[in-house]
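Here's the structure we're looking at; comments come further down.
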Amino acid sequence: MGTSVQVKPLCGVYNENPLSYLVSIDGFNFLVDCGWNDQFDTSLLEPLSRKGFRVASSVDAVLLSHPDTLHLGALPYAMKQFGISAPVFATEPVYRLGLLTMYDHYLSRKVKFDLGNLLSLSAFDLDVDSVFSHCMQVSEFDLFTLDDIDSAFQNIIRLTYSQNYYVSGKGEGIVIAPLAAGHLLGGTFWKITKDGEDVIYAVDFNHRKEKLLLNGTVLESFVRPAVLITDAYNALLSNQPPRRQKDQQLLDAILKTLRADGNILVPVDTAGRVLELLLILEQYWEHHHLTYPIFFLTYVSSSTVDYAKSFLEWMSDKIAKSFEDSRDNAFLLKHVTLLISKSELEKVPDGPKIVLASMASLEVGFSHDIFVDWAADSKNLVLFTERGQFGTLARVLQSDPPPKAVKVTMSKRIPLVGEELAAYEEEQNRKRKEEALKATLIKEEESRATLGAEQAVGDPMIIDAKIKQPSSNGAALQHGAFKDVFIDGFVSPPSSAGPMFPFYENTFEWDDFGEVINPDDYTRNDEDMDQASMQVGEFNGKLDEASASLFLDATPSKVVSSEQTVYVKCSLVYMDFEGRSDGGSIKKILSHVSPLKLVLVHGSAEATEHLKEHCLKNVCPYVFAPQIEESIDVTSDLCAYKVQLSEKLMSNVLFKKLGDFEVAWVDAEVGKAENGTLSLLPLSTHPPPHKTVLVGDIKMADFKQFLASQGIQVEFAGGALRCGEHVTLRKVGDSSQKGGGNIQHIILEGPLSEEYYKIRDHLYSQFYAL
Amino acid sequence: MASASAAAPASSLKRANSKTSSEGDELIITPLGAGNEVGRSCVYMSFKGKVVMFDCGIHPAFSGMAALPYFDEIDPSAIDLLLVTHFHLDHAASLPYFLEKTTFKGRVFMTHATKAIYKLLLSDYVKVSKVSVEDMLYDEQDILRSMDKIEVIDFHQTLEVNGIRFWCYTAGHVLGAAMFMVDIAGVRILYTGDYSREEDRHLRAAELPQFSPDVCIIESTYGVQNHQPRHIREKHFTEVIHSTISRGGRVLIPAFALGRAQELLLILDEYWENHRDLHNVPIYYASPLAKRCMAVYQTYINSMNDRIRNQFASSNPFDFKHISPLKSLDEFRDVGPAVVMASPGGLQSGLSRQLFDKWCSDKRNACVLPGYVVEGTPAKAIMSEPKEVTLASGLSAPLNMTVHYISFSAHADYNQTSTFLKELMPPNIILVHGEANEMGRLKQKLLSVFADGNTKIITPKNCQSVEMHFNSQKMAKTIGKLAEKTPAVGEILSGLLVKKGFTYQIMAPDDLHVFSQLSTGSVIQRITIPYSGAFAVLKHRLNLIYESVEASTDEESGVPTLKVHDKVTVKQETENHVSLHWTADPISDMVSDSVVALVLNASRELPKLMVESEQETNEDEQSKKADKIIHALLVSLFGDVKYENEGKLLINVDGTTALLEKQSGEVECENEGLKERVKTAYRRVISAIKPIPPPGS
């Protein structure tokens, strides 16, 4: 029997929720994708966490397909909370850009930094300082920490496209290979092979070659896989206009606003489609000598672009070629300024500008803030380049007609006062006592544990104001403040090294006048020092500064969210730059690939049903669209066994060549080879007769041409081909059940005549009779 | 090419080629260069009609045509695939020539980094090589054109060309260096190119392939020598430089512009960073390529080791702080101590030679040779520290500067080679890329390592072919309806054998479209014939000829039909017409033809009243007639055939007799050969007499 294949969706079927599916092949469980939405809604992960089913613990390997939240967002949380310890597979860009995406998410919503986290942060050369001073989205975000992200990602096994990875151990015999999906940089569709049967998981692919970034998917080169798992996300999307036209529309819209002195906000993802957008803008600016500033604002923008520079292997031929020819890396962006804090943006002089800011959902991040600031001005434009995730602010704004006003949540961190403070302190004291007790029991371990987990999961930080800034002089402050690792109940002297052996590279920017000085560094330092000497709670700074320094301080604080109504006066435009195949192309690709069994996931109920119906009719008779947690069996009913072809038999076989294939009819006797396998030997008796098989595919139009070239009068008449005087040729295909029975019947009719036999001979010449 | 071919042995591969094209199981490997020498790497391989070539280099010690590998030994148009391991001239520099000036029409692959540097390096090579115009192998334009033909492959990526599967592993030698594994019909060949199993500052060590190859073509540059540990070499290197500078001398490091140079720069930059007293001593990287190379190194970070990749997270390690590039000597002010790394490494010409000539007579100065020095270059000459050297101008000068040879070349040494081979355990080892003596010593030593005798070690000379026989077992997979149950021994299996590349599948015809892109079809034929006679007459006549004629009525129109031989349906369409329906296949076509003939005949003869004689031939007569025919045919085949009793035939051929049982076809004979022949003959005779098998069978 064939390989047993089961598919069980954990999230993202009949809707546009994040993607996460369990595919088990002969008992080896792959978790393909582990996505989350931008709101980080834990209820979505329920199927994965459900105890009774032991889903998480049964996972043997995790495959990631794209570096965005919808495909890998839940990985850090799931690995920590549900104890998934299986190896994770991804391509290098998915690993890198995915990591950056998660960092960006974390930083966008987390203000409560522990020092330990900052250490790992600084390794990524982020300007931590600015992160601190301008976090606007303040929430009690405690689903995962930077450490969790790091530990989830550090063990990812990185593969290159079409690298065959041979699974060992439990999954012996399974080979997995990532292949280009064409949607995001490094984006993958996975091919899982066992015993020559392919299971392909291909979601969010793009068959078109991008203008700049990527080559299209290679999905089309795979035909007849045993199982294809794909999405119906775009099934209802009508054909897209040609790319050139789309680009032009985008640029027209942008220029119109800029010329009218308006600002443009493009909510983007952290490291996905934004790369393509950057290249499009960069190129356009270059060609037209535009001077409007472009800003790319995420917490990790500079790292993103740095990494993009080193991923040339994964980009389109065009980019590789231009690098070979001119040594110009496409991501040496001349017109785009990379920003990692909003204050930098605020320093920019007023005037029309275009800002690409994360997140695309407008739920959190810089885009959220900027939207709130800019929405009220009718000159401004918010340009969406992808459909917002379901239920997010971006989706609301994309509805038709767009809402006049939206409610947004603004969060701020304020210090605790009065009863709350007392309660908090009591709680802290109790905790401290407990910890002290623990510390006496296990000294060493405790210190480590507190550093990582306790604070991470726990409550607002507790840092003594005294040790807050041990070295508060000069430029060293910039990083120095975070060098010291705080361990509860233990104050390390300023000179001692931190237990994590932090390493800092102080890189200075130079201009013609020497080191670039940021005046803010100095002003703020003074304030910090002031605050250090001040008593907790006595803030005299502006509210922003105060809230920023709150988390620097150990002040017990809480997050207060306020709802605010934003009147949307600016124009809203949605243009599809998602880089996914449209409905028509998906159908075309599916019928070309024509899998033996098809599983549809991810896509609105309507789209899923539509595609299912279409495929049942045109692609294959086995189309499944499972519900959430519904385990379906797509084991192929294919039987197979191996035989050895003996030399004796093969010497008598005459192959006929048909394209890539060579075909022959064999009659053989089954024997046993020395090593016990079955072998085929030539027959000793007269071969049994068999029905003649005509192999070949005849296209009526081609055949018409052929006959015409042979001097026979031909014309199409009423669906049949009329050859000569009386002979007609008709094709009776089983088009109603494609894939099920692709045998074509050709009916040749005519009166007894010489012509009839002549045409018959020509017809026969189109086939190979076996 | 005349000079090159003069040295070539007589055996020409062109002839061998035509022989092997018939799916031979002989694997032929021929070095066209780098056989018992270092330089012009080029190895030709053919197996099962597929031809692969590895590397395409030039010999650095020769110029013009003489530097090429022996391309005239092969037919370039027969090559399916050309794989280039890394960008060094002795591995890649004849590629533009081969792609543009020969009949080669296969595909070429190299890694991304190799391709990027290849162009840089060759453009430079074309510019600096001082050969007359007619001796030029190719020009800048050829290089640009070749760039369009070169395809890229990433490490571990598995590709397939013409049924040849191949992928590559990190080789560690220089940035982008690869070892290629080629799989043809299940036989794996590993070509290491230049490799190093030692991780250094920026490169990963060569990987150990997860599959053991059947043949391993491996470099043997360092033969049985062993390298000193890396940190000792590095220490030695920095000490020599530091002490030279301390005594006010200048240090010349002649190095190949790319590859090892970057490693040395990393060492120097780090050393300078740690020694403040050196900060005022300049380091120059003097190469016209210097700046452009750095862009490549700054980009392909992902081909390097984890150390570099982790550093990259904070800053690009190839942004050197203490090293400045130097385009030409005009920019260089020779005042006081300095360190200059200059290309080429062999001191043949160019910047390194100019500096050497300038500095060689001052005894404070030092020259550090950091890599493998090719035989026949000036660098090799100064290694023996002669008293005098000949300058580029032709004058001679005393050699007073100290010469140090500290090898940083990333070639495997004996320890690495032997461990690598021991872990891989390939049954066949072919040594290339090594001086004849070194190679011989390595062979002897390896033979003692693999003393069990199962390993063959071969050191072919250029153009000397190595032939190996691989008994490939063809395995087929029976799938679909045919495989619903696994047959027992002795059962008969019939189906379509479909071959794609080197994989075979057996399937039922109905499944063909399911498992391949091929489709099957059928042709249904309907022919109408004028016939105005009675339908019963037709029936009667058909009955006389065919064993099986079934009469029924058509369900739709209710007209009478006859089914002849279960294949052809004769239908009375109207009073004046009958129609024949059948699905085309050779037998049905034949039956239909005869029916057509019969119908035509019947309508022609209709007026006559046929008086059919009682032709109900009885069984006996028929079989007697058949017997006669069989006998006659066998006589014509074997000569002496006699009737024996019980329906047996005695066949006598050259004194050997065979007894044939006519009914069953059983043959009794002592001679197996004759038995087979008689059996076959009988089978054919029977099928000639009764060509149409009875219906239903």
Side-chain angles (χ1 to χ4, degrees), chain A residues 92 123-125 160-164 196 223 309-310 312-313 324 327 329 505 507 638-645 650 653 655 658 660-672 680 686 689-690 692-698 742-752 756 763 767, chain B residues 112 115-116 119 147 154-159 292 295 299 301-302 313-315 473-480 483-484 486-487 489-500 504 506 509 512-513 515-529 585-586 596 683 687 693 697:
Chain A
E92 180 78 35
F124 286 85
D125 210 21
T160 52
Y161 283 151
S162 46
Q163 171 176 357
N164 291 330
V223 277
K309 273 183 211 160
S310 73
L312 283 196
E313 296 101 313
E324 277 155 10
R327 308 274 127 247
N329 197 311
E505 186 112 359
T507 46
L638 183 73
C639 318
Y641 60 89
K642 281 193 166 173
V643 288
Q644 191 186 324
L645 301 168
M650 293 310 286
V653 171
F655 279 107
L658 279 149
D660 284 345
F661 295 91
E662 288 176 63
V663 189
W665 182 273
V666 281
D667 291 300
E669 199 175 296
V670 179
K672 266 238 162 26
L680 294 185
H686 187 71
H690 64 266
T692 307
V693 186
L694 293 178
V695 184
D697 192 9
I698 191 167
N742 208 3
I743 302 167
Q744 47 171 342
H745 301 288
I746 290 170
I747 298 176
L748 180 68
E749 280 178 305
L752 181 70
Y756 180 91
L763 184 62
F767 287 101
Chain B
H112 288 89
K115 190 181 177 190
K119 190 196 151 209
M147 283 296 280
D154 209 344
F155 291 104
H156 301 120
Q157 192 177 4
T158 309
L159 294 177
R292 282 176 293 164
T299 299
I301 296 292
N302 288 315
S314 50
S315 73
Q473 285 203 336
K474 293 189 186 83
M475 293 300 290
K477 201 170 149 189
T478 314
I479 47 174
E484 269 163 15
T486 313
V489 172
E491 278 182 50
I492 289 171
L493 182 73
S494 309
L496 287 178
L497 181 63
V498 180
K499 177 185 174 196
K500 192 188 181 197
Y504 295 88
I506 300 175
L512 186 66
H513 69 276
F515 301 112
S516 73
Q517 287 138 291
L518 300 171
S519 51
T520 52
S522 63
V523 177
I524 299 162
Q525 304 195 34
R526 281 181 206 163
I527 193 164
T528 43
I529 311 164
D585 75 58
V596 168
R683 212 167 57 220
S687 64
S697 66

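Just so we're on the same page: letters track the sequence lines, and every chain starts at 1.
Heavy atoms of A:N164 lying under 4.5 Å from chain B belong to its backbone as well as its side chain. Both the backbone and the side chain of A:I747 come within less than 4.5 Å of a heavy atom of chain B. Heavy atoms of A:E92 lying under 4.5 Å from chain B belong exclusively to its side chain. Of the two parts of A:F661, the backbone and the side chain both hold a non-hydrogen atom closer than 4.5 Å to a non-hydrogen atom of chain B.
Taking chain A as the reference chain and counting heavy-atom pairs below 4.5 Å, the highest number among B:A116, B:A295, B:G495, B:P586 is found for B:G495. Here A:V643 is the residue among A:V643, A:L312, A:L680, A:L763 with the most heavy-atom pairs under 4.5 Å with chain B. With chain A as the partner, the residue from B:D585, B:I527, B:V498, B:V596 showing the most heavy-atom pairs under 4.5 Å is B:I527. Between chain B and the residues A:Y161, A:Y641, A:W665, the largest count of heavy-atom pairs under 4.5 Å involves A:Y641.
Separation of atoms CD (B:Q157) and CD (A:Q163) is listed at 9.0 Å; rounding is to 0.5 Å. With rounding to the nearest 0.5 Å, the separation of OG1 in B:T299 from CG in A:N329 is 4.5 Å. Distance CG/B:L493 to CD/A:E669: 11.0 Å, rounded to 0.5 Å.
Among all heavy-atom pairs drawn from B:N302 and A:S310, the shortest one is ND2-O, 2.8 Å.
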Using side chain to side chain contact (heavy atoms under 4.5 Å, CB included), reason through A:L645 and A:V666 one step at a time and then give a plain yes or no. CA-CA 11 Å; A:L645 301 168; A:V666 281; over 6 Å; no
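Shown here are the side chain to side chain contact (heavy atoms under 4.5 Å, CB included) partners of B:Q525, two or more places apart in sequence or in another chain: A:L748, A:Y756, A:R760, A:Y764, B:V523, B:W582, B:A584, B:D589.
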